[in-house]
Colleague: 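Structure provided below as structure tokens; questions to follow.
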Amino acid sequence: MNTTKLFSLGTIALLALTPIPTVLSETPNPSLQRREPTIMTTQPTFRPGINRVTFQGEGETLVGNLYLPATYQTGDRLPTIIVTGAWTTVKEQMPAVYAQRLADRGFATFAFDFRYWGESSGTPRQYESPAAKVQDIKNAAAFLKSLPVVDANQVGGLGICASAGYMAKAVAEDANFKSFATVAAWLHDPESLQALFGKETVQRRMAIGKAARQAFDRTGKVEYVPAYAQANFNAAMSGDVSYYGSKERGVIPQWTNRFAVMSWHEWQDFNGVALASSIKAPTLIVHSDGSALPDNARKFYSQLGGQKQLVWTDGQHLDFYDRDPQVSTAVAAVATHFQKTLASPTISQK
């Protein structure tokens, strides 16, 4: 993929992002370091920090981390934010960064592995299915409402990168969500895909994706390519996408660098921009000119009909995953948004 061509189109492509400036360090800030979860039993006693939980969805077992603030006490019922990340990723990557930062600001937050990914069950593995991910988000919201630590009437959704579109669809269709925010949203439509990658590439991916799906249905065998390989243009992502090439950032043990080819046709058919007019919940968009598809983010914002806010800041797309000042700027805006649009927590009286 020619990243120079993509940049000249006035946007950044998720599948072949422009290089990160070399003046930035590859080492995340200490405040962004991952923290180990508390392993929960079948009868969990929730406590401050990261609580590992499981729930059932569409016949599969999904695994998530529920983050509770340091101030949490038994009996508190907190406004809760579901945090989802970029495509092909797992809960320990950029969702963990935002979930922890927002928990530090007093929210309960929830990051989980979708079906087919990470610790959650489901086959084929590493299958990027927008429909499955949207349903998993809805199931996560229903699950959270059953927990004693969650204010069932105060659930919000934060979508980062590609999952912004999945979260948008869940919010539009599910009344459980009272508020919505995106950071560095990847929101494509047919026109932007063709502008970025060319009509022939889009058509080829549609064809190989459908063929791979048919082969899986017929034989059970899954065709894979790398999720990221710098010089392999058959990979889902190529070029200098440093987050997925650095062990200090996205290359973690929980992440499998693999992409099911059958994902292509379903992923390309998903139209995130078209969802805006269906969203009624208060919405915040945090974006930048250096982030993915900035014109689509503006278009999405303009088509929102309800309460809305646009925070336009600085930074390249990958900066918003795990680097300050981009993460701090985004978290501050997101926290303020949810503080305004979700009720204050119910605090137990000791």
Side-chain angles (χ1 to χ4, degrees), residues 1-28 85-90 92-94 116-118 124-129 160-163 184 186 188 192-213 215-216 221-268 290-294 315-323 326:
M1 189 63 58
N2 188 328
T3 56
T4 302
K5 177 182 177 183
L6 297 178
F7 188 76
S8 71
L9 291 171
T11 188
I12 287 183
L14 178 67
L15 309 186
L17 296 170
T18 53
I20 295 296
T22 56
V23 295
L24 295 177
S25 170
E26 284 291 311
T27 303
W87 77 330
T88 81
T89 60
V90 294
E92 292 84 5
Q93 292 171 305
M94 70 290 296
Y116 318 129
W117 298 93
R125 303 304 296 169
Q126 289 77 54
Y127 175 33
E128 187 70 23
S129 168
I160 303 161
C161 193
S163 74
W186 172 277
H188 70 252
S192 56
L193 282 184
Q194 290 198 18
L196 285 169
F197 306 120
K199 184 176 181 180
E200 290 185 1
T201 296
V202 172
Q203 290 178 339
R204 179 180 64 83
R205 287 173 172 170
M206 293 295 285
I208 63 175
K210 289 178 180 178
R213 179 75 219 195
F216 172 73
K221 294 182 179 179
V222 185
E223 181 182 354
Y224 290 103
V225 294
Y228 170 68
Q230 184 170 1
N232 182 353
F233 297 117
N234 290 319
M237 295 175 283
S238 58
D240 189 9
V241 191
S242 61
Y243 180 85
Y244 298 98
S246 170
K247 292 183 179 179
E248 300 298 328
R249 302 184 69 194
V251 181
I252 61 175
Q254 298 91 334
W255 179 64
T256 300
N257 186 10
R258 196 168 65 170
F259 178 82
V261 174
M262 71 176 76
S263 308
W264 276 127
H265 76 287
E266 186 181 349
W267 184 81
Q268 290 191 151
S291 194
L293 299 166
Q316 296 299 314
H317 187 79
L318 299 176
D319 296 345
F320 290 92
Y321 288 2
D322 62 345
R323 283 177 165 163
Q326 283 72 30

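The first residue in the sequence is number 1, and the count goes up from there.
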Colleague: Looking at every non-hydrogen atom in both residues, tell me the closest pair between R125 and W117 and how far apart they are.
Modeller: NH2-C, 3.4 Å
Colleague: Looking at OG of S246 and CD1 of I252, how far apart are the two atoms once the value is rounded to the nearest 0.5 Å?
Modeller: 11.5 Å
Colleague: Ignoring hydrogens and angles, tell me if any N or O in the side chain of Q203 forms a donor-acceptor pair with the backbone of E200 under 3.5 Å.
Modeller: no
Colleague: Over 60° means perpendicular and under 30° means parallel, so tell me whether W255 and Y244 are parallel, tilted or perpendicular.
Modeller: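 Plane angle between 30° and 60°, so tilted.
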Colleague: Decide yes or no on side chain to side chain contact (heavy atoms under 4.5 Å, CB included) for L293 and L196, but give the supporting numbers first.
Modeller: CA-CA 9 Å; L293 299 166; L196 285 169; 3.4 Å; yes
Colleague: Quick one, Q230 and Y228 - any side-chain contact, counting heavy atoms below 4.5 Å?
Modeller: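 Yes - at least one pair of side-chain heavy atoms lies under 4.5 Å apart.
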Colleague: Going through the distances and angles, do I208 and W264 end up as a side chain to side chain contact (heavy atoms under 4.5 Å, CB included)?
Modeller: CA-CA 8 Å; I208 63 175; W264 276 127; 4.0 Å; yes
Colleague: Can you confirm whether or not the ring centre of H317 sits under 6.0 Å from the ring centre of W186?
Modeller: no
Colleague: To check you understand the geometry: which heavy-atom pair defines the closest contact between A236 and F259, and what is its length?
Modeller: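 Taking every non-hydrogen atom into account, CB-CG, 3.7 Å.
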Colleague: Can you tell me how far apart OH (Y243) and CD (E248) are? Round to the nearest 0.5 Å.
Modeller: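 Spacing of OH (Y243) from CD (E248) equals 12.0 Å.
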Colleague: Looking at A212 and E223, what are the two nearest heavy atoms and their distance?
Modeller: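 Heavy atoms of A212 and E223 come nearest at CB-OE1, 4.0 Å.
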Colleague: Establish, yes or no, whether the cationic atom of R249 lies under 6.0 Å from the six-membered ring centre of Y321 and within 45° of the ring axis.
Modeller: no
Colleague: Please name the pair of heavy atoms, one in A227 and one in N257, separated by the smallest distance, quoted to 0.1 Å.
Modeller: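 Minimum heavy-atom separation between A227 and N257: N-OD1, 3.0 Å.
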Colleague: Going by ring pair (Phe, Tyr, Trp, His ring centres under 6.0 Å), name the residues that satisfy it together with F216, two or more places apart in sequence or in a different chain.
Modeller: none
Colleague: Hey, could you give me the CD/OG1 distance between Q126 and T256, rounded to the nearest 0.5 Å?
Modeller: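 If we round to the nearest 0.5 Å, Q126:CD and T256:OG1 are 4.5 Å apart.
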Colleague: Looking only at heavy atoms, what is the nearest atom pair of L193 and V202, with distance?
Modeller: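 In terms of heavy atoms, the two residues are closest at O-CG2, 3.7 Å.
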Colleague: About how many Å separate CD of Q268 and CD of E128, when rounded to the nearest 0.5 Å?
Modeller: 12.5 Å
Colleague: Excluding sequence neighbours, so at least two apart, what forms side chain to side chain donor-acceptor pair (under 3.5 Å) with S192?
Modeller: D189, N296
Colleague: Between S238 and A235, is there a donor-acceptor pair closer than 3.5 Å when you use the side chain of the first and the backbone of the second?
Modeller: no
Colleague: Heavy atoms, side chains only, cut-off 4.5 Å: are M94 and C161 in contact?
Modeller: no
Colleague: Which heavy atom in E266 sits nearest to a heavy atom in S129, and how many Å separate them?
Modeller: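 Shortest heavy-atom contact: OE2-OG, 2.8 Å.
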Colleague: OG1 of T88 to CH2 of W267: how many Å apart, nearest 0.5 Å?
Modeller: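 Going from the OG1 atom of T88 to the CH2 atom of W267 covers 10.5 Å.
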